[in-house]
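Below is one structure, written out as structure tokens, with a few remarks after it.
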Amino acid sequence: MRFLYLCILALGVVVVGCGEREEGALGTLEWDRVNGRAVVSEPIVELMAREGEWVEAGQPLLQIDPRLQVAQVAQLKAEVGEAEWQLTQLENGYRPEEIATAEAELEGAQYDRKTMEIELERKTTMSNPGAVSERSVDLTANALAQAQAQERSADERLKLLRSGYRQEEVEKARAHLEATKAELVRAEESLSRYTVTAERAGLLDSIPFKLGDKPPVGAVVTTVLAGGAPWARVYLPEPWMSQVHAGDIVDIYIDGVSAPFEGRVRHIQSNASFTPYYTLSEEDRSRLSYVTEVDLDPETAGDLPLGIPVRMQLRDE
């Protein structure tokens, strides 16, 4: 392709050097190329369109093996379900059965404490002090202290169950759920890209890989020639730069077609092709060329093929 451009440039230089303005600026017809790329290096398992077919925007073109990504999506869905269950559990608080159990444990601790209080009071108020040893009184006092501690522990546990989980735990679980959902969305979006689709309507120009191939990551797997018509890429001679501007109407000539096609200049590059102008003499600068893009009318040029040579001619004032 670069060799072709060099040849075209050389032809344009010869034309300008000879002063034959009527020969015009030379170039080729181009179409907008929209490439589909492989997001992973997995085998191509299905071709959904053929080269040369017209495809619509969003139409599936080929399928890359999605099994590993499908498994990852399934795993993330399960993790989202688990995270939702954990958040629901924290928001609802403890189960009524757990609270009822804690209440029963508190009642039991209260009963044990009262029993020890009565026992200690009985031993310390007996009419015959010698009937109960000092060691027995100490043991009962210790048992009472343990019963009081167990009662306080049961009471605190009941308060904890009744108040539910801490708000920080709820917020942490909610953040974990949102993060897991975001991972799932990303995985599902990645899975959707395993099916390469046409980003724009146009002609399916090429599918460089065949069924079963494993293209590298980022490789072009489809090319669609999009747009209603081709456009001309021509090399504008330097002496014409002051005469042509974006938006001007020009004539585009194609071999085999007598009548010219009307074109509108879309863009002119500000830098000359191949050689900077400031390194050239005045005579050499006249041989420079500038890549110029010219839009054609879809009504008249919509069927023109890619790559054919063209000649741009300025219209007489």
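Just so you know, these numbers use all the heavy atoms, side chains as well, and skip hydrogens, waters and symmetry mates.
With respect to Arg174 and Glu171, a salt bridge is recorded, a charged nitrogen being found less than 4.0 Å from a carboxylate O. The existence of a salt bridge linking Glu119 and Arg122 is confirmed by a sub-4.0 Å separation between a basic side-chain nitrogen and an acidic carboxylate oxygen. The residues Asp295 and Arg266 are annotated as salt-bridged, a charged nitrogen and a carboxylate oxygen being separated by less than 4.0 angstrom. Between Arg135 and Asp138, none of the side-chain N atoms (NZ, or NE/NH1/NH2) sits under 4.0 Å from a carboxylate O, so this pair counts as no salt bridge. Using a cut-off of 4.0 Å between Lys/Arg side-chain N and Asp/Glu carboxylate O, Glu189 and Arg193 are scored as salt-bridged. Salt-bridge annotation for Glu151 and Arg113: present, with a side-chain N of the basic residue lying under 4.0 Å from a carboxylate O of the acidic one. Of the charged side-chain nitrogens involved, at least one lies within less than 4.0 Å of a carboxylate oxygen, so that Asp32 and Arg200 count as a salt-bridged pair. For Asp251 and Arg315, the salt-bridge test passes: some basic side-chain N is under 4.0 Å from an acidic carboxylate O.
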May I have the list of side-chain donor-acceptor pairs in residues 100-111 shorter than 3.5 Å, sequence neighbours left out?
residue, atom, partner, partner atom, Å
Thr101, OG1, Glu97, O, 2.9
Glu103, OE2, Arg162, NH2, 2.7

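The distance from atom CD of Glu51 to atom OG1 of Thr223, rounded to the nearest 0.5 Å, is 9.0 Å. Once rounded to the nearest 0.5 Å, the distance linking CZ of Arg264 with CD1 of Ile249 reads 3.5 Å. We find the CZ-CD distance between Arg67 and Glu42 to be 8.0 Å, quoted to the nearest 0.5 Å. Rounding to the nearest 0.5 Å gives a distance of 14.0 Å between CD of Glu84 and CD of Gln89. Rounded to the nearest 0.5 angstrom, Thr180 OG1 and Lys77 NZ are separated by 14.5 Å. If you take OG1 on Thr222 and CZ on Phe209, they are separated by 11.0 Å, rounding to the nearest 0.5 Å.
By the rule that hydrophobic residues join a cluster once side-chain heavy atoms approach within less than 4.5 Å of another member, Trp231 and Val34 end up as members of separate clusters. When the side chains of ILVMFWY residues are joined at heavy-atom separations under 4.5 Å, either directly or via intervening members, Leu296 and Leu225 end up in two distinct hydrophobic clusters. Tracing side-chain contacts under 4.5 Å through hydrophobic residues (I, L, V, M, F, W, Y), one reaches Leu61 starting from Val40; they form part of the same cluster. Criterion: ILVMFWY side-chain heavy atoms under 4.5 Å apart, direct or through other members. Under it, Leu90 and Val80 are part of a common hydrophobic cluster. Linking Ile, Leu, Val, Met, Phe, Trp and Tyr whenever their side-chain heavy atoms come within less than 4.5 Å puts Ile252 and Val257 in one cluster.
Using a 3.5 Å distance cut-off with no hydrogens or angles, the side chains of Ser190 and Glu188 do not pair a donor with an acceptor. Side chain to side chain, Gln63 and Thr195 meet the donor-acceptor criterion of an N or O pair below 3.5 Å.
Residues Leu26 and Val234 form no side-chain contact, since every pair of their non-hydrogen atoms from C-beta on lies 4.5 Å or further apart. Between Leu203 and Val224, every side-chain heavy-atom pair lies at or beyond the 4.5 Å cut-off. Contact annotation: the side chain of Leu304 approaches that of Pro230 to within less than 4.5 Å [non-hydrogen atoms, C-beta and beyond]. In this structure the side chain of Ile308 reaches within 4.5 angstrom of the side chain of Pro305, judged on heavy atoms. In this structure, Arg233 and Val291 have side chains that are in contact, with non-hydrogen atoms separated by less than 4.5 Å. By the 4.5 Å heavy-atom criterion applied to side chains, Glu46 and Ile64 are not counted as neighbours. Between Val265 and Thr292 the shortest side-chain heavy-atom distance falls below 4.5 Å. Side-chain contact between Phe261 and Asp297 is absent, with no heavy atoms from C-beta onward closer than 4.5 Å.
At least one donor-acceptor pair closer than 3.5 Å links the side chain of Thr124 to the backbone N or O of Leu120. Formation of a donor-acceptor pair under 3.5 Å by the Asn142 side chain with backbone atoms of Leu144 is not found in this model. Under the 3.5 Å distance criterion, the side-chain polar atoms of Gln69 are matched with a main-chain donor or acceptor of Ala187. With hydrogens and angles ignored, the 3.5 Å screen pairs a side-chain donor or acceptor of Glu169 with a backbone N or O of Arg166. Formation of a donor-acceptor pair under 3.5 Å by the Glu178 side chain with backbone atoms of Ala175 is not found in this model.
Residue-environment remark: CG (Asn92) exceeds the threshold of 12 foreign heavy atoms within 6.0 Å.
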Applying salt bridge (charged side-chain N to carboxylate O under 4.0 Å, His left out) to Asp213 and Lys210, what does each step give before you reach the verdict? CA-CA 6 Å; Asp213 281 346; Lys210 60 182 180 296; 3.5 Å; yes
Could you go through the side chain to side chain donor-acceptor pair (under 3.5 Å) check for Thr28 and Glu30 one step at a time? CA-CA 6 Å; Thr28 56; Glu30 305 290 340; 2.9 Å; yes
Could you please spell out the steps behind the side-chain contact (heavy atoms from CB on, under 4.5 Å) verdict for Met312 and Trp240? CA-CA 12 Å; Met312 185 188 86; Trp240 291 15; 4.2 Å; yes
If you apply the rule side-chain contact (heavy atoms from CB on, under 4.5 Å), what do you find for Asp155 with Arg152, and how did you get there? CA-CA 5 Å; Asp155 184 56; Arg152 288 193 298 272; 5.6 Å; no
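Between Ile207 and the options Val220, Ile44, Leu47, a side-chain contact (heavy atoms from CB on, under 4.5 Å) holds for only Leu47.
Residue Thr197 comes nearest to Pro60 through the heavy atom pair CG2-CA, 3.9 Å, listed as atom of the first residue, atom of the second, then distance.
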